Amino acid sequence: MEETKKSLNFIEHIIEEDLEEGYSNDALRFRFPPEPNGYLHLGHASSICLNFGLGETYNAPVNLRFDDTNPAKEEKEYVDAIKRDVEWMGFKWDKECYASDYFQELYDWAVMLIKSGKAYVDSQSSEAMAEQKGTPTEPGVDGPYRNRPVEENLDLFERMKNGEFEEGKHVLRAKIDMASPNMLMRDPILYRVLHKAHHRTNTDWCIYPMYDWTHGQSDYLEQVSHSLCTLEFLPHRELYDWCLDQLVSNNKLRPKQREFARRNLSHTVVSKRKLLKLVEEGVVSGWDDPRMPTISGLRRRGYTPEAIRNFADTIGIAKRENIVDVSLLEFHVREHLNKISPRVMAVLNPLKLVITNYPEGQEEWLTAENNPEDESAGFREVPFSRELYIEQEDFREEANRKFFRLKLGGEVRLKNGYIIKAESCTKDAEGNIIEVQCTYDPKSKSGSGTEESLRKVKGTLHWVSTRHAFEAEVRLYDRLFNDENPDGHKDKDFMEFVNQNSLNKITGFLEPSLKDAIVGDRFQFQRLGYFNVDKDTTAEKLVFNRTVTLRDTWAKIQQKN
RNA sequence: UGGCCCAUGGUGUAAUUGGCAACACAGCUGGUUUUGGUCCAGUCGUUCUAGGUUCGAGUCCUAGUGGGCCAACCA
């Protein structure tokens, strides 16, 4: 099969260039390096697809590396959740790595740095150091400890490691240039004292390396060829390279850091800090609340890994600011779910429909196609009887020609069943329609092949038999934020845009075949949308999440009028 | 009042590296359809501005404009 030439993103161009300039394909290695301080979200999904995707196209290994240098924020719970999410996405990492595995090397390298006069122990307060650091427009000035003798630095650093000092008393700083136009080069802190247990090294260490003294070295130790991160790390690149300069040897590969723009999604936030706030303030039920843009939330909502990967591939990667429209994500779930979801009938806003010429007490089982997109999906039987539920929105006493549904005197087909005609309706004291009476054409049965069954009527309705249907909880979701860019307002906090009606729990009436559904099962409720079974399901009650609605042209027509 | 990064339709990304601006989504029109779904066809619309180099510029240069990042013992 001729494959159309795929266009490359700018990262792939860089790699192609490296390959042309003599990089061996065997030297390619990537990594996905999350900090285990929260759950992965759609932004991470993009990065995962980028790195692991590169691994697949170049047949190169990809490490999963936990950037765990801050025990104050990191937990094993997050490590486990991250591994689960990456696996669910369908990717296999080569090595499972931890920055904390390199603490000894990092310490040794720091000692080496001190010995060569390129690092010193600073004993000032953080305020004093901040003051000397200057501002983006003004150079910094040297601090009083900058020229501390090597022996004294060595002694103090060792005692920091031995736990002789409390937090904040001393730090180890690189000696670079307090006047550099790049703030990060103004003698960055390399090590700080933290008397906290680490989820892996426990209390073995009480000094912890900073990000900049860890990331490049970790890449180097793992021989990662291309270290990809988001744009806000661009200013760190100079420091990344400075750190590598201190320790790379000629016969080993020198990693390259390259930066891409993080993906923003409209009507949501993708920042661990902000997602954490939604969880802590109880706006959502947890990190895996189906409204969350986390991978675990999307999974619970009924999204498939394929949908997310296709989405990530479609939006690609670049260097400019962006807000990707959620409709693109929704397109990809629908596209996949349409292919794989069995069709079923469920009524969410029931209106009783009585077929007056259908014998009382009679029932029959009609044959229904499971998935018109998949011949192998087969057929099932659905029960039909005199009393049915249809959707309230599917009946009007009067309506114009654009309304393809049931109206008095009008005809409609009941999906997989008969053509019916509405004759009358009953109202309660407030004037609400509570029942519709209709007649059916016994010869019009679907699939019977009779002349009547072949008749074209404009509308087809889904339905359930009142006697056979069973109740289930159905959770309908709306976007979590009313604003397209909730954290894009300087004067307003993103929390102000939280949609108060993002969750609507209702009771639905489902066809009996659904009784055996188990957690995670996905269905298309015909004419309504895609739904999956939520983990809150119990032996007594099934709970469904609406993953996404079907495309709804009728809703658009109505909006216009 | 500094340094760095970025600028292509409503959205996201491409453009054989200087050679006919393309793909997907969204929107709109129509067709098919026992899901107002799917599918099919059509349509809409773009290189931030001003100069320059060139036979030729989205691509290179200069200036401007707009947006972003940088002053955590976070990553």
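Remember, it's a predicted structure, so these values are computed and weren't measured experimentally.
The nearest whole Å value for the distance from the OH atom in A/Tyr98 to the P atom in B/A75 is 18 Å. If you measure from atom CD of A/Glu138 to atom P of B/A71, you get 15 Å, rounded to the nearest angstrom. The CD atom of A/Gln132 sits 13 Å away from the P atom of B/A72 (whole-angstrom rounding). Atom CG of A/Leu8 and atom P of B/C23 are 18 Å apart (whole Å). Between A/Ile189 atom CD1 and B/A72 atom C1' there is a gap of 8 Å when expressed in whole angstrom units. If you measure from atom CG of A/Asp552 to atom C1' of B/G27, you get 16 Å, rounded to the nearest angstrom. Between A/Arg262 atom CZ and B/C69 atom P the separation is 11 Å, expressed in whole Å. The NZ atom of A/Lys456 sits 9 Å away from the P atom of B/U35 (whole-angstrom rounding).
Scanning atom types as modelled, no donor and acceptor separated by under 3.5 angstrom connect the side chain of A/Glu238 and the base of B/G3. For B/A75, its base sits under 3.5 Å from the side chain of A/His236 at one donor and acceptor pair at least. At a cut-off of 3.5 angstrom, counting only N and O atoms as typed in the model, there is a donor on one side and an acceptor on the other between the side-chain of A/Gln524 and the base of B/U35.
Side-chain N/O atoms of A/Arg527 include one lying less than 4.0 angstrom from OP1 or OP2 on B/G36. Side-chain N/O atoms of A/Arg263 include one lying less than 4.0 angstrom from OP1 or OP2 on B/U13. Close to B/C5, at under 4.0 Å from its OP1 or OP2, lies no side-chain N or O of A/Arg258. The side chain of A/Lys133 places no N or O atom within less than 4.0 Å of a non-bridging phosphate oxygen (OP1 or OP2) of B/A71. For the pair A/Thr553 and B/G37, the criterion of a side-chain N or O lying under 4.0 Å from OP1 or OP2 is met. Checking the phosphate oxygens (OP1, OP2) of B/G67, no side-chain nitrogen or oxygen of A/Lys319 falls inside 4.0 Å. Contact check, A/Lys339 against B/U38: no side-chain N or O comes under 4.0 Å of OP1 or OP2. Distances shown here put a side-chain N or O of A/Arg551 below 4.0 Å from the OP1 or OP2 atom of B/U38. Look at A/His195 and you won't find any side-chain N or O under 4.0 angstrom from OP1 or OP2 of B/C73. The phosphate of B/A75 has neither OP1 nor OP2 within less than 4.0 Å of any side-chain N or O from A/Arg273.
Heavy atoms of A/Gln124 sit under 4.0 angstrom from at least one base atom. A/Phe403 comes within contact range of at least one nucleobase, with a heavy-atom separation under 4.0 Å. The residue A/Ile315 sits close only to the backbone: its heavy atoms come under 4.0 Å of sugar-phosphate atoms, none of a base. No contact: A/Ser180 has no heavy atom under 4.0 Å from any strand. Within 4.0 Å (heavy atoms only), A/Ile419 reaches no atom of the nucleic acid at all. Contact annotation for A/Val324: backbone-only contact, meaning every heavy-atom pair under 4.0 Å involves sugar-phosphate atoms and none involves a base. A/Asn182 comes within 4.0 angstrom of nothing in the nucleic acid, heavy atoms only. Looking at heavy-atom distances under 4.0 Å, A/Pro139 makes no contact with the nucleic acid at all. Note on A/Glu321: only backbone sugar-phosphate atoms sit closer than 4.0 angstrom, heavy atoms only; bases stay farther off.
Looking at which nucleotide of RNA chain B each of A/Glu35 and A/Trp554 is closest to, the 5′-most match is held by A/Trp554. In terms of position on RNA chain B, the residue among A/Glu167 and A/Phe525 whose nearest nucleotide sits closer to the 5' end is A/Phe525.
Residues A/Arg173 and A/Ile189 share a closest heavy-atom pair of CG-CG1, 4.0 Å. Between A/Glu74 and A/Glu35, the shortest heavy-atom distance links the atoms OE2-OE2, 2.6 Å.
If you check B/G3, B/U11, B/C74 against the side chain of A/Asp325, the one that comes closest is B/U11. The side chain of A/Thr137 lies closest to B/G2, out of B/G2, B/A75, B/C5.
Other residues, nucleotides and ligands contribute more than 12 heavy atoms inside 6.0 Å of the NZ atom of A/Lys556. Environment of NZ in A/Lys421: sparse, with no more than 12 heavy atoms of neighbouring residues, nucleotides or ligands closer than 6.0 Å.
Side-chain atoms of A/Thr135 come within 3.5 Å of backbone atoms of A/Thr137 as a donor-acceptor pair (strictly under, hydrogens ignored). The backbone N or O of A/Arg148 lies less than 3.5 Å from a partner atom in the side chain of A/Asn153, making a donor-acceptor pair.
Taking a pair to require two hydrogen-bonding distances under 3.5 Å in either a Watson-Crick or a G-U wobble arrangement, B/C25 pairs with B/G10.
Under the stacking definition used here (centres under 5.5 Å, planes under 30°), the residue A/Phe404 qualifies as stacked on the base of B/G36.
Between A/Lys133 and A/Asp187 there is no salt bridge, since no side-chain nitrogen of the basic residue lies less than 4.0 Å from a carboxylate oxygen of the acidic one. Between A/Arg405 and A/Glu391 there is no salt bridge, since no side-chain N of the basic residue sits under 4.0 Å from a carboxylate O of the acidic one.
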